[in-house]
2 protein chains.
Amino acid sequence: MIRPMRAFKHPTPQELTLERVLYALSDPVRLDIVRYLANVPEATCGELDGGRPKSSMSHHFRVLRDAGLVHTRNVGTTHMNSLRRDELESRFPGLLASVLSQR
Amino acid sequence: MIRPMRAFKHPTPQELTLERVLYALSDPVRLDIVRYLANVPEATCGELDGGRPKSSMSHHFRVLRDAGLVHTRNVGTTHMNSLRRDELESRFPGLLASVLSQR
DNA sequence: TCGATAGTTCGATGGTAATCGAACTATGGT
DNA sequence: ACCATAGTTCGATTACCATCGAACTATCGA
């Protein structure tokens, strides 16, 4: 009886709130993650820790996931993260691009 | 020896950080304040409390001021608040408009 | 099946933020 | 001068959040 690895819950675009998205983006670590993900198709969690403990990174990815910014899928032993560009665009048109355009 | 009412400190556009702005906007009460201010030239603090204590409103206005979103000037016994549209636009072009365009 | 690897979850800690009442300050009006 | 009004500041409480180590889970490879 093999149970598959627990899948992550990803909110639908309708479930997203502007406050939650802005809050998720208001942390320097998470903003860096989002900026990084904006330039690659996907990235693993480990690829993004800046020497930080895995548990801290896991926390930030969870916040980003719960806010609807990031999608995580399981690939072997790693977790592949990607920006939910299209869903974000459908729910908050132009918002992500606007934030990412700031320096 | 008359001392004028203590003036508020307003950060310059250069001093603003994206994280701070996004954080200030991530609270429902403050987001409502900003949305309201977007539709009027100026507004007093009292005009915006939704039955909340004055001290709570004062706190939120302070956060918005410190983040650089709101300017407060003294007019008689009241405080007139306005959105710092131009400064915001110069520091984070398009950001405020993008956030305000979301429902 | 035995590591090794990648990441999550748990629990604790410290820091920060929201909230409110109460006291205080400043201004204008009478 | 006195009072009312508008808002700030202070202090306390509560709640939440970032951080980290440690234990746990899942997958792959040997």
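Predicted model only: the values in this text are computed from it and were never measured. Numbered from 1 within each chain, the chains take letters A, B, ... in sequence-line order.
- The side chain of B:C45 has D:dT8 as its nearest neighbour among D:dT8, C:dG7, D:dT5.
- Checking the phosphate oxygens (OP1, OP2) of C:dA18, a side-chain nitrogen or oxygen of B:Y23 falls inside 4.0 Å.
- When heavy atoms are screened at a 4.0 angstrom cut-off, B:H60 is found touching the sugar-phosphate backbone but no base atom.
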For this session: Could you check B:L18 against A:L31 for side-chain contact (heavy atoms from CB on, under 4.5 Å), going step by step and ending with a plain yes or no?
Result: CA-CA 9 Å; B:L18 185 56; A:L31 193 51; 3.9 Å; yes
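- Taking atom CZ on B:F61 and atom C1' on D:dT9, their separation rounds to 17 Å, with Å as the unit.
- Judged by closest nucleotide on DNA chain D, B:T44 is the one of A:R52 and B:T44 placed further toward the 5' end.
- B:R20 comes within 4.0 angstrom of no nucleic acid atom, judged by non-hydrogen atoms across all strands.
- Put simply, CG on A:L31 is 14 Å from P on D:dA18, counting in whole angstrom units.
- No side-chain N or O of B:R84 forms a donor-acceptor pair with one of B:H71 less than 3.5 Å apart.
- Here A:S55 lies in heavy-atom contact (under 4.0 Å) with a base.
- Side chain of A:D27 to backbone of A:Y23: no donor-acceptor contact under 3.5 angstrom is found.
- Note: CG (A:D49) to C1' (D:dC20) measures 14 Å, nearest angstrom.
- A donor and an acceptor atom, one from each side chain of B:H79 and B:N74, are located under 3.5 Å apart.
- Side-chain nitrogen and oxygen atoms of B:R30 include at least one within less than 4.0 Å of the OP1 or OP2 phosphate oxygen of C:dA18.
- Atom CG of A:L64 is separated from atom P of D:dA18 by 10 Å (rounded to the nearest Å).
- Residues B:R65 and A:V75 both approach DNA chain D. Their nearest nucleotides, taken by heavy-atom distance, put B:R65 toward the 5′ side.
- Looking at heavy-atom distances under 4.0 Å, B:R73 makes no contact with the nucleic acid at all.
- In this structure, the NE2 atom of B:H59 is 18 Å from the P atom of D:dA12, given to the nearest Å.
- Neither OP1 nor OP2 of C:dT19 sits under 4.0 Å from any side-chain N or O of B:R62.
- Ranking D:dA18, C:dC20, C:dA6 by closeness to the B:P53 side chain, first place goes to C:dC20.
- Atom P of nucleotide D:dT27 and atom CG of A:N74 are separated by 7 Å, given to the nearest angstrom.
- At least one side-chain heavy atom of B:D66 sits under 4.5 Å from a side-chain heavy atom of B:R62.
- Side-chain nitrogen and oxygen atoms of B:H79 include none within less than 4.0 Å of the OP1 or OP2 phosphate oxygen of D:dA6.
- The separation between A:F8 atom CZ and C:dG7 atom P is 10 Å, rounded to whole Å.
- Residue B:S58 has a polar side-chain atom (N or O) positioned under 4.0 Å from OP1 or OP2 of D:dT8.
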For this session: For B:R73 and B:E42, run salt bridge (Lys or Arg N to Asp or Glu O under 4.0 Å): C-alpha distance rounded to whole Å, both residues' side-chain angles, the deciding distance at 0.1 Å, then the answer.
Result: CA-CA 10 Å; B:R73 68 187 183 97; B:E42 293 184 299; 2.6 Å; yes
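- The interatomic distance linking B:D66 (CG) with C:dT16 (P) rounds to 15 Å, in whole Å.
- Comparing C:dT19, D:dG7, C:dA18 by their closest approach to the side chain of B:S56 singles out C:dT19.
- Comparing C:dT8, D:dA18, C:dA18 by their nearest atom to the side chain of B:D27 picks out C:dA18.
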